[in-house]
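All values below come from the heavy atoms of this structure, side chains included, with hydrogens, waters and symmetry mates left out. This is a predicted model, so every value here is computed, not measured. Throughout, residue positions are numbered sequentially from 1 according to the sequence presented.
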Amino acid sequence: MEDYEYKTNIHWTKSEEVLGSGAFGDVFLGKDKETGFKFAAKTINIDRFRSEELTCCLAVNSEKIIPVYGAVREGSWITVFMKHMEGGSLGQLIKRSGFLAEDWALYYTGQVLQGLKHLHAANIVHGDIKADNVLLSDHGKKAYLCDFGHAAHLPPGGCRIRLLTGDYVPGTETHMAPEIVRGEPCDTKLDVWSACCMLLHMLNGWHPWSRTHKAPLCLKIATEPPPLQEIPLNCQHLTQNLIVDGLRKDPSNRADAVDLIHKVDIALQKIGGLKSPYNSEYREPRIFPPIYTDVPAAPGSQLKAYHEEAVAVQSCGMQQITEDASLRSQKCVEQVRRSCEMEIERLERDLYMDNLSQPYFLEEHEQMFLSEQSLEPLHSRKDSLTTFDTKSSGIHSWDSQMEPWSLQSDSFFSGGNTATPSWFNGVKVHLQSFSGEILYIWESGRTKLGDLAVGISSQVRTLIKPEL
């Protein structure tokens with residue numbers, strides 16, 4: 001791509017405000033200086049530019065795909081010019097609304113599937129279907145697919161290709177189909193999965209998987225059932241069923257774009273078409289897990305007649321959520337206890353290595369350790385005369401006995417367990433003199449650091465007094 005004479009700030013200007021940001025570049029509002037014509041300009045560094053950004057988009061003539069006017073190169077940047085949509089992105093609409101009504105969610109899903117139908121007929125996959133990559137007209141009635149940075153041409157004859165490589169992961173994680181993260185050959189069905197994830201995003205106000213799992217999600221998406229438990233309970237049965245059909249993990253059993261278009265049209269007609277206002281007041285995103293109430297079943301409802309995979313997913317998902325809630329407190333306590341022990345072990349290793357690195361002989365170390373000045377109790381700066389009144393630290397100790405010093409340092413680096421009682425939840429201190437005598441001190445995790453230091457000092461005095 002050669003440098004072209006249509007240059008920034010000479011023939012056209014771009015806004016300082018960014019309209020949107022994608023994986024490969026930022027989008028600005030552009031304006032032709034001569035005619036005043038406005039357009040969207042996406043700037044991409046040449047190192048990140050993929051030719052499919054243009055070839056896949058320009059290969060299909062569809063009113064559901066954003067019109068692209070052309071592209072130019074200036075230095076190390078490539079600018080793609082496209083139609084500017086006054087309504088912003090579908091993702092921005094979700095943020096303004098909290099979540100979308102079922103009729104609008106179905107309506108936009110149908111339009112996206114219409115665009116996918118034309119792409120798939122040309123053996124092209126979009127690769128990154130999500131709300132942020134759907135642009136809206138000013139009145140919200142028209143939706144266009146955009147951002148073909150992850151698009152790919154499929155071989156003719158319905159062949160599949162592997163999209164995941166060692167240095168390239170296509171798409172957005174929360175909308176990624178299982179076959180992508182598994183590194184398996186993919187076809188157009190991956191866009192269907194992403195479109196149904198986008199439908200869940202519209203209905204709930206948050207991305208799929210984000211309320212049940214923590215990132216990274218690739219392993220969960222590859223091995224766990226689809227997120228059918230996220231389907232809102234108040235959705236009509238036809239909407240529920242089409243999501244199930246589009247989120248089948250086996251692509252060969254998953255519905256294609258044409259099939260889902262038909263199902264979406266029927267579902268939208270069933271609820272009476274578009275009835276909700278376009279710009280509705282903000283509502284908080286749906287709560288998950290949902291609060292169960294008695295929802296009347298519609299005639300012929302298949303909510304309780306999902307295929308076996310869906311039923312297993314619903315029960316498994318809710319059971320997991322219940323178990324997580326019941327074990328959360330216990331796990332939190334265990335994590336805090338283990339964190340304290342690991343920190344103390346790290347401090348022990350650091351102290352031991354510092355001692356080895358000091359240019360003192362063993363006798364000097366022992367003399368410094370036994371010096372009277374180092375054993376002077378630390379007085380509190382508070383109104384109380386001393387912190388001894390708290391009886392902090394060293395009140396309880398165990399295993400104070402003579403042990404050989406040799407090979408003791410191995411435990412610092414081998415990760416070996418100490419003799420700390422399993423029920424202890426707090427701070428543990430391990431003291432050992434150069435003569436081999438050991439003292440263990442443990443204290444509540446809420447004890448102040450100053451009180452802990454004074455208690456340790458007191459115990460050290462008790463330990464070595466007979467030797468003075």
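To the nearest 0.5 angstrom, Tyr278 atom OH is 9.5 Å from Leu100 atom CG. The line from CG of Leu106 to CG of Asp265 is 9.5 Å long, rounded to the nearest 0.5 Å.
In terms of the side-chain contact (heavy atoms from CB on, under 4.5 Å) criterion, residue partners of Arg254 (sequence neighbours excluded) are, by chain and number, Ala177, Pro178, Glu179, Lys189, Val192, Trp193, Arg248, Pro251. Every residue two or more places apart in sequence or in another chain that forms a side-chain hydrogen bond (donor to acceptor under 3.5 Å, both in side chains) with Asp187 is listed here: Arg160. Shown here are the ring pair (Phe, Tyr, Trp, His ring centres under 6.0 Å) partners of His153, two or more places apart in sequence or in another chain: there are none. Remark: Thr35 engages Asp32, Phe37 in a side-chain contact (heavy atoms from CB on, under 4.5 Å) (not counting sequence neighbours). Residues passing the side-chain hydrogen bond (donor to acceptor under 3.5 Å, both in side chains) test with Asn133 are Asp128, sequence neighbours excluded. Shown here are the side-chain contact (heavy atoms from CB on, under 4.5 Å) partners of Ala255, two or more places apart in sequence or in another chain: Asp245, Asp259, Leu260. Looking at residues two or more places apart in sequence or on another chain, you find a side-chain contact (heavy atoms from CB on, under 4.5 Å) between Gln114 and Lys64, Lys117, Ile261.
Screening residues 73-93 for ring pair (Phe, Tyr, Trp, His ring centres under 6.0 Å), with sequence neighbours left out, gives Tyr6-Phe81, Trp12-Phe81, Phe39-Phe81. The ring pair (Phe, Tyr, Trp, His ring centres under 6.0 Å) contacts involving residues 196-235 comprise His175-His207, His201-His207, Trp206-Phe288, Trp209-His213, where partners must be two or more places apart or lie in separate chains. Sorted by first then second residue, the salt bridge (charged side-chain N to carboxylate O under 4.0 Å, His left out) pairs that include residues 51-62, not counting sequence neighbours, are Lys42-Glu53, Arg50-Glu52. For residues 117-145, the pairs satisfying ring pair (Phe, Tyr, Trp, His ring centres under 6.0 Å) are His126-Phe148, with sequence neighbours left out. Sequence neighbours left out, the pairs with a member in residues 93-107 that pass side chain to side chain donor-acceptor pair (under 3.5 Å) are Glu102-Thr239, Asp103-Ser276, Tyr107-Gln111.
Side-chain contact between Lys263 and Leu238 is absent, with no heavy atoms from C-beta onward closer than 4.5 Å.
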